[in-house]
Amino acid sequence: MKEGKMIAMLLAGGQGSRLKLLTKDVAKPAVPFGGKYRIIDFPLSNCSNSNIFDVGILTQYKPYQLNSHIGIGSSWDLDRPNGGVRVLPPYTNEQGGRWYKGTANAIYENLSFIDELDPEFVLILSGDHIYKMDYSVMLDFHLEKNADVTVSVIEVPWEETNRFGILKIDADQLITEFLEKPKNATSNLASMGIYIFNWKSLRDYLIADEKNPDSENDFGKNIIPNMTVDGKKMYAYKFQGYWKDVGTIKSYWEANMDLLSDENTLDLYDRTWKIYSKNKHLPPHYISADAHVKNSMINEGCVINGTLENAMLFNEIHIEKNAVVKNSVILSGVVVEEGASVYNAVIMENVVVESGTKIGSPDSEEVYLVSSTNIIKS
Amino acid sequence: MKEGKMIAMLLAGGQGSRLKLLTKDVAKPAVPFGGKYRIIDFPLSNCSNSNIFDVGILTQYKPYQLNSHIGIGSSWDLDRPNGGVRVLPPYTNEQGGRWYKGTANAIYENLSFIDELDPEFVLILSGDHIYKMDYSVMLDFHLEKNADVTVSVIEVPWEETNRFGILKIDADQLITEFLEKPKNATSNLASMGIYIFNWKSLRDYLIADEKNPDSENDFGKNIIPNMTVDGKKMYAYKFQGYWKDVGTIKSYWEANMDLLSDENTLDLYDRTWKIYSKNKHLPPHYISADAHVKNSMINEGCVINGTLENAMLFNEIHIEKNAVVKNSVILSGVVVEEGASVYNAVIMENVVVESGTKIGSPDSEEVYLVSSTNIIKS
Amino acid sequence: MKNCLGIINMSENDSTMGALTQNRPTAMLPIAGRYRVIDFVLSNMVNSGITGIGVFTGNKVRSVMDHLGSGQPWDLDRKLNGLFVFTPTYDYHSIHRKIGDLELFFENNSFVKYAKQDYLLFSKSYMLANIDYNEAFKAFLESGADISIVYKKVKDKSNAFLGCDKIHFDDDGVFESIGTNLGMDIEFNMSMEMYFIKKSVYFEILYDAVEKGNANYLKQAIFNNLDKYKVHTHEFKGHVFPINTIKNYFNANMGILKSDIEKDLFFSNGHILTKVKDEPSTYYKQNAKVKNSFVANGCIIDGYVENSIIFRGVKIDKGCIIRNSIVMQKSDIQENVHLNYVILDKRAKVSKGVTLIGDPSSPYIASKKATITREGEQ
Amino acid sequence: MKNCLGIINMSENDSTMGALTQNRPTAMLPIAGRYRVIDFVLSNMVNSGITGIGVFTGNKVRSVMDHLGSGQPWDLDRKLNGLFVFTPTYDYHSIHRKIGDLELFFENNSFVKYAKQDYLLFSKSYMLANIDYNEAFKAFLESGADISIVYKKVKDKSNAFLGCDKIHFDDDGVFESIGTNLGMDIEFNMSMEMYFIKKSVYFEILYDAVEKGNANYLKQAIFNNLDKYKVHTHEFKGHVFPINTIKNYFNANMGILKSDIEKDLFFSNGHILTKVKDEPSTYYKQNAKVKNSFVANGCIIDGYVENSIIFRGVKIDKGCIIRNSIVMQKSDIQENVHLNYVILDKRAKVSKGVTLIGDPSSPYIASKKATITREGEQ
């Protein structure tokens, strides 16, 4: 009855080990970002705003905070009585427990989940990227091209092509070649790890792939190349807009600082495409007569008595008198005591930066990651 | 602020292998019961009716149908924005994946979940039993006795004492002895596997138990005996009412038939203690002019043209003309074709009992479990 | 259907419905064992993929609010789109009774204005049917018309559809005019009072009517303007029951006892959704004898029931003979009661030994919560 | 507090609130940057463990329905207990304006009658405070009294609390009488219009008043009967702000800028809960300069702000000077606007260069959705 249904499967199992302490207790999709979000809020909000209300989240690594963040999905309007958001960890059967072996295997292990939802299309997403995208427009493109697979791509700087899966396309946007992290790329269109598959066809490939003991059970490495070999019609959908993979501490810090820049293209204030997150029921923040606040973002429950410049503050942060925070990201619950100064840093949750402490320097480009036990230079 | 908070941890990992085909695809707590329920609906409804709105469900074996049944918990009013029902499967961390080793270990692995909810009391439940119980009354007893642990107990027939954990108590209901499946019992008070612990104290025991490599990490075998040794104050709360562990096909069939008996004490029609379940949005059932229906329960979406006596029908079942169903449990989607007869049987989901087939006999006491491929005598 | 906003208009003529609509609008009348009249049109819209629905109520607001709540049973409890209920406002400074629904639509025109959808589907609730709007919507879009009216070819020998809207076509089968059925023809084209309208055309009609002051009802305003616009019509071929008189209400319920009509109404284009009440299955006791009846869950039946519709939670004691009757939810029928051609409204109680007999053309109606006792008894 | 039903009575005198309550009751007035007045009493009840709450509205119903919805933000969206909203009904056959709230309580007395709770907590919404009712309830139960009144000892030099209820004690400190404050004493005991009543006593008072016809308001009925019952009083020691005049509303907002009051109001007995709006953090741009202000999320601020309360989603352009003002949600303040002692209601728009200056005793009020442009400009 309903128009060709699309469900989303969101791969949120990544450990993100290059983010170091930030992912010590949480999976990468649960890493806080942009003053009040976690990274996974972006793809989840995109789904909700694109009218996709069936979302499976494949977790594996330290899912506890992620589970607690997602809850029943009400923040993203994904708390539907049927369908809605569903967290899908690995499970046991008669043969014992099995962990997900790769991205494709994670989907394979949940065949029965998808079959019950009975979709025509499956959208594969990653929980690692920050961007705003209307997946229904990508589906329109997929339908228009009558494609077997559509891969969302973005132009990356030529010097970074060796970090990505690169695609070559013809004039009709049909994909002609697939190169994993090429040294001398002849295209700068990078795969964003976002795929639309026709479910019936993907289902067959997943079953075949699972039977192949040599496969790494990965979309980029196995499924897509196999489909290419079979001559399936694969199209590239060109995405334009802000897109960032925050793979390292430095790029994490940069992505946060991007939001404070005049040239920022990730508009969080657009009411037609809100990014949703779990709400904390905190009062507004308070800025005292002693404070100086400039070019900064501040979330609820903060009390500011010191100086902020180019600062991204999460919630319930206290900046005491004569404390200085510049070019920094301050996670929830941090206290920067009187006279302390923080430059070019990411301060982790609930850290107390004691009176007189100096972190970083206005003259250095280095970025510091500060936990209650450690300071890591990046 | 709120009165001493109690949360529930529901152990729903059991495979229930003696239930044979009934648990081929689902864990025992997900086995259908009583015309429209699954077994786990009983403890979940008890929680909701007892005003316990924080429930962790520990799953392990084939959780898919269980997850899909529980959804976001809305059926039991457990879809709370904070707390509410949360399914807790095993997870991975830096050391790789770990399956729950025992009942106590399952709770241990979720220490951080419980700590975040910060309860004063933890109620341990099993997802395997059918009963109605107000846990808040048991908590009142626990508080009144100032107990460290309260164990819910029920009188069982003396000849069955060797199947249960048996407790001896003094006049004040203090537990004096604990015997696991004793041969010559001197008490017939059996543990129902329902415990109230003071969380702080349980927490310490779980941590100690985890460190002991020889422990089976089980409440009945390790935690409770260790507490006994330490002289903790353990009380027995005597439960009166219907309570059934449906461990075998025969007892499963009997428990369903119990509901059709005049002496039935499990009142499903009590509006002050409703048993909730997932709703299917089906129309009422239809009984035609050709039907004969006596002493039976029928759920929504059924169409009855044949004869029913002492029959427990789930939903969307078609009983055709001149078909006879007696002393049987018919699960959802079954068709009993014209002229077929079914006696003393449990017919599994979506089985078609073809025209002319005879299952069981009015003269035999044997119970048959019928799937689309198999008939098992019990 | 994403591009179509649903609008359900409850301004229906209740005056021919007697005691049944004393405290509720026709839309809220219980029907078919477990539904309310409005469930059909609401479910039709939702099942057709409409995600934004506005309900414009009359003055009897409370039962509407109780039933619809946040829209959760219809999956309309959403952040974007979902269910919006508009109730009349009262200006106590210049109190006067407003006639018609036009003012309510005008007051709330920003709801329609700011909706993203370009098309509107207006529907009354009283035409009971299971209809897939996709087909009609597609035909409307392809026709390029401004307005489309859904109609049904009916044969009305008994003048049951007096007062319904009647559509006339010219010799080429093109829409010519719409008027009121006075019963001149046995066969005629009955408007189902479901209109698709282009949003821009809707505003032209609404503003024109308000400025000219020549209409009190939206329908009137549309009819006044039909000659200005291109009007398309769409024939619906399923079963339709207008619930506009007590007799039609009675016949609609009885009609459901025919299995082809039941299938058509409940299954043809998706399930009918309604508020969940968590009732157990219905229990037929030793003396039960039920023929050609539609029985909802939660009943306990020990008497004789024939050609009847039994709602949820009804109790029928032994010795009762219930024929050709509609018994609404939670009614309590005690021993040896005889009913024939009776409508018992919700929670009615009929004491031992009472006999009530109505006529098919004019059933006996016991109002909500009535207690009927044999004269001289308590 | 499970044994206590909460009842919030919105029948408040709005006549002294001017344009602020033209289309909303006082209970729905935005306050403190992101709340509505009613959020405080609702959150207090919920935080104290009350799970069943009835809200009795006045005639301005729509904003109440919009804000409260199904009660989800307060975790009151429940199957048992939860939130119930009662609106006045209108009988159009004998239309007359009803005076007072007594009839509304009487009409809906079955809500109270069938509730399981034995005690009632009646509260108006206009007394802003963060109060733990457990303490007061416990004292009431221990006192054995029939009624308990919560009061606050106030010093009122400026006659701000004229018209509030004033409690008198006899020389032994026992409750003697209650009357209306005309400002005779600077120090007096102000009733907070929060009453605990035994359910049975409530019905005695209600029925007595209806039969005698000597009261239009529930409060009147209670006062008429105080001499018949044992009355207990409980002193509340936290901060209280009655929101009954524009000046008091203004002062309450400004009071929050004092950090001890802010802590007391927002944190002392649990968080204040309100409807979630999914706003990003507030962005302070290059030219922002903010002093002693309380700022909610979703704002973009590039001007000077001092001693002000800024609600959600407000835009303040560069060159603006905002002092001693309350700016409600989504207001848009363009370049070079000067405001001093101004209240901008929701979505007000102040065009470039406008200067508005009110007085602390009588602030300038711009009504909801007002657009203020310099004369002669567009």
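Every heavy atom of this structure was used, including side-chain atoms; hydrogens, water molecules and symmetry mates were not. Chain letters run A, B, ... following the sequence lines, proteins first, then strands; residues in each count from 1.
A side-chain donor from one of W199(B) and D115(B) sits under 3.5 Å from a side-chain acceptor of the other. Remark: the N315(B) side chain and the S332(B) side chain contain an N/O donor-acceptor pair separated by less than 3.5 Å.
With a 4.5 angstrom heavy-atom cutoff, Q72(D) touches chain B via backbone and side-chain atoms both. Interface remark: N51(B) contributes side-chain atoms only to the contact with chain D (heavy atom separation under 4.5 Å).
In this structure, K116(D) has no side chain to side chain contact (heavy atoms under 4.5 Å, CB included) partners at least two apart in sequence or on a different chain. With sequence neighbours excluded, the residues satisfying salt bridge (charged side-chain N to carboxylate O under 4.0 Å, His left out) with K124(D) are E193(D).
Identified under the salt bridge (charged side-chain N to carboxylate O under 4.0 Å, His left out) test for residues 63-83 of chain D, with sequence neighbours left out: R80(B)-D75(D), D278(C)-K79(D), D75(D)-R78(D).
Of residues 270-279 of chain B, those residues with a non-hydrogen atom less than 4.5 Å from any non-hydrogen atom of chain D are, in numerical order, T272(B), Y276(B).
Classification of the H67(D)-W74(D) ring pair by plane angle, with boundaries at 30° and 60°, yields perpendicular.
Atom NZ of residue K277(D) and atom NZ of residue K275(D) lie 4.5 Å apart, to the nearest 0.5 angstrom.
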